Number of protein chains: 2
Amino acid sequence: MELSATAYVILGMVSREARSGYEIKVLVDETTRFFWAASYGQIYPELKRLAEAGLIEGADAPRGKRKRTVYAITPQGEAALKEWLRQPPATYELREEGLLKLFFAGVLPREEAVEVVRSMRGYRAGQAEQLRALEPKAREKEEAGEPFPLIVLRGGIEFNERLVEWCERTEAELLELDTPEPSR
Amino acid sequence: MELSATAYVILGMVSREARSGYEIKVLVDETTRFFWAASYGQIYPELKRLAEAGLIEGADAPRGKRKRTVYAITPQGEAALKEWLRQPPATYELREEGLLKLFFAGVLPREEAVEVVRSMRGYRAGQAEQLRALEPKAREKEEAGEPFPLIVLRGGIEFNERLVEWCERTEAELLELDTPEPSR
DNA sequence: ACAGGCATGTAAATAGTTACATGATTCG
DNA sequence: CGAATCATGTAACTATTTACATGCCTGT
């Protein structure tokens with residue numbers, strides 16, 4: 001049975017403790033989101049499919065009077081997760097509209113091309129900040145014996161910081177294109 | 001009229017000279033692919049839509065006896081492209097299965113977690129190499145007065161090289177987790 | 001003669017987002 | 001009381017990939 005990578009996100013998210021669809025969504029937004037997002041429109045139907053396939057198991061777990069279903073991984077689910085983890089990763093996709101605009105920025109006046117890079121820089125700086133705000137939680141997990149979330153998060157922070165740097169250099173480069181060093 | 005970012009890829013690709021769908025696909029694969037891909041299934045239908053909307057114009061341009069249609073941008077198309085370029089970029093997506101696997105690698109024995117990072121490193125090293133192979137073409141364009149493709153390409157090379165570095169550091173870090181410095 | 005590249009296209013499937021609907025509970 | 005958060009879900013839409021079909025032309 002073929003599962004999508006998003007199915008494995010869910011499998012991974014319930015592999016340590018049982019969680020509700022809502023909790024999975026919140027967790028995804030706090031952790032994997034910057035390199036693998038998932039929406040309710042994927043999560044809830046996928047939970048049903050995984051339960052039908054016997055890879056997870058739902059159980060009623062109301063909070064007070066509020067209905068709630070949490071899903072736990074089954075032994076088959078854990079086997080499937082591990083098998084997937086052992087396969088070499090296949091998906092590597094980047095969609096960066098800023099780079100796309102920059103690529104075509106030759107049709108714009110120079111000042112507007114610089115503006116594209118500035119937008120990218122602003123976004124990446126904000127992103128780095130948001131990720132840094134998540135560090136304390138990840139550090140707690142690390143102290144509890146789960147080192148990977150923190151490793152990945154730090155990778156994300158670094159990635160964004162490097163991009164900010166690159167944007168700064170590129171901005172400078174673009175400005176120099178207009179006012180070349182006087183060659184004496 | 002709302003256009004997808006992929007529509008603008010096409011608009012940009014025909015903005016300097018008239019090109020066929022096939023040529024656009026080849027060009028995309030050689031240039032924007034690493035941050036914005038496009039398949040035939042998108043390109044050909046989109047060419048029709050753009051032509052109907054009057055943003056590009058098709059013309060027969062057979063090569064020998066082989067039929068061929070090239071599309072050129074119209075003034076309205078150029079206006080639409082420029083307007084889009086002036087909007088701040090909105091799409092920033094990364095889907096990296098390797099990071100996803102690493103995030104969940106706590107359920108694997110340590111050696112297999114390292115393997116995930118090694119796969120990522122291998123992929124990124126190969127990617128950097130492929131992009132470096134495209135540099136000569138981009139440099140030609142630069143010499144012809146189009147500096148942006150080279151700027152973007154160099155960004156891509158750098159991005160991949162940094163990731164390779166990060167993978168190396170992370171591999172070392174993971175190995176140390178198992179054999180901690182003897183604290184004396 | 002055949003392989004490989006040029007060239008155009010479509011159908012089907014999969015993936016993913018967005019927006020909406022519904023209702024309970026908690027906190028200020 | 002009202003806002004925010006918890007909680008579950010679906011419908012409609014958009015995007016995108018994959019695989020296939022077709023056929024010409026060029027070089028070996």
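Quick note on labels: first sequence line is chain A, next is B, and so on, each numbered from 1. Note that this is a predicted model, so its numbers are computed, not measured.
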If you restrict it to nitrogen or oxygen atoms, what contacts under 3.5 Å exist between nucleotides 7-10 of chain C and the protein, and what is each distance?
unit_1	atom_1	unit_2	atom_2	d
C:dA7	OP1	B:Arg63	NE	3.4
C:dA7	OP1	B:Arg68	NE	3.3
C:dT8	OP1	B:Thr69	N	2.9
C:dT8	OP1	B:Thr69	O	3.3
C:dT8	OP2	B:Gly21	N	3.3
C:dT8	OP2	B:Tyr22	N	3.1
C:dT8	OP2	B:Tyr44	OH	3.1

Extract all donor-acceptor atom pairs below 3.5 Å that involve side chains of residues 139-154 of chain A and protein atoms in other chains or at least two apart in sequence.
unit_1	atom_1	unit_2	atom_2	d
A:Arg139	NH2	A:Glu135	OE2	3.1
A:Arg154	NE	A:Glu135	OE2	3.2

* **Test ring pair (Phe, Tyr, Trp, His ring centres under 6.0 Å) applied to A:Trp84 - qualifying residues, sequence neighbours left out** => A:Tyr8
* Asked: Does a donor on one side chain sit under 3.5 Å from an acceptor on the other, for A:Glu57 and A:Thr74?
  -> no
* Using side-chain hydrogen bond (donor to acceptor under 3.5 Å, both in side chains) as the criterion, list what pairs up with B:Arg49, not counting sequence neighbours. => B:Glu46
* Asked: Among residues 25-38 of chain A, which residues get a heavy atom nearer than 4.0 Å to DNA chain C?
  -> none
* Using whole Å, report how far CG of A:Asp60 lies from P of C:dA24. => 17 Å
* Would you call B:Glu78 and B:Lys82 a salt bridge, taking side-chain N to carboxylate O under 4.0 Å as the test? -> yes
* ring pair (Phe, Tyr, Trp, His ring centres under 6.0 Å) partners of B:Phe35, counting only residues at least two apart -> none
* What is the distance from CZ of A:Arg49 to C1' of D:dT10, rounded to the nearest Å? -> 13 Å
* Asked: What's the CD-C1' distance between A:Glu2 and C:dA13, to the nearest Å?
  -> 13 Å
* Check the side chains of A:Ser20 and A:Glu23 for a donor-acceptor pair under 3.5 angstrom, ignoring hydrogens and angles. => yes
* Asked: Judged by atom type as modelled, is there a donor-acceptor pair below 3.5 Å linking the side chain of B:Arg124 to the main-chain atoms of B:Asn160?
  -> no
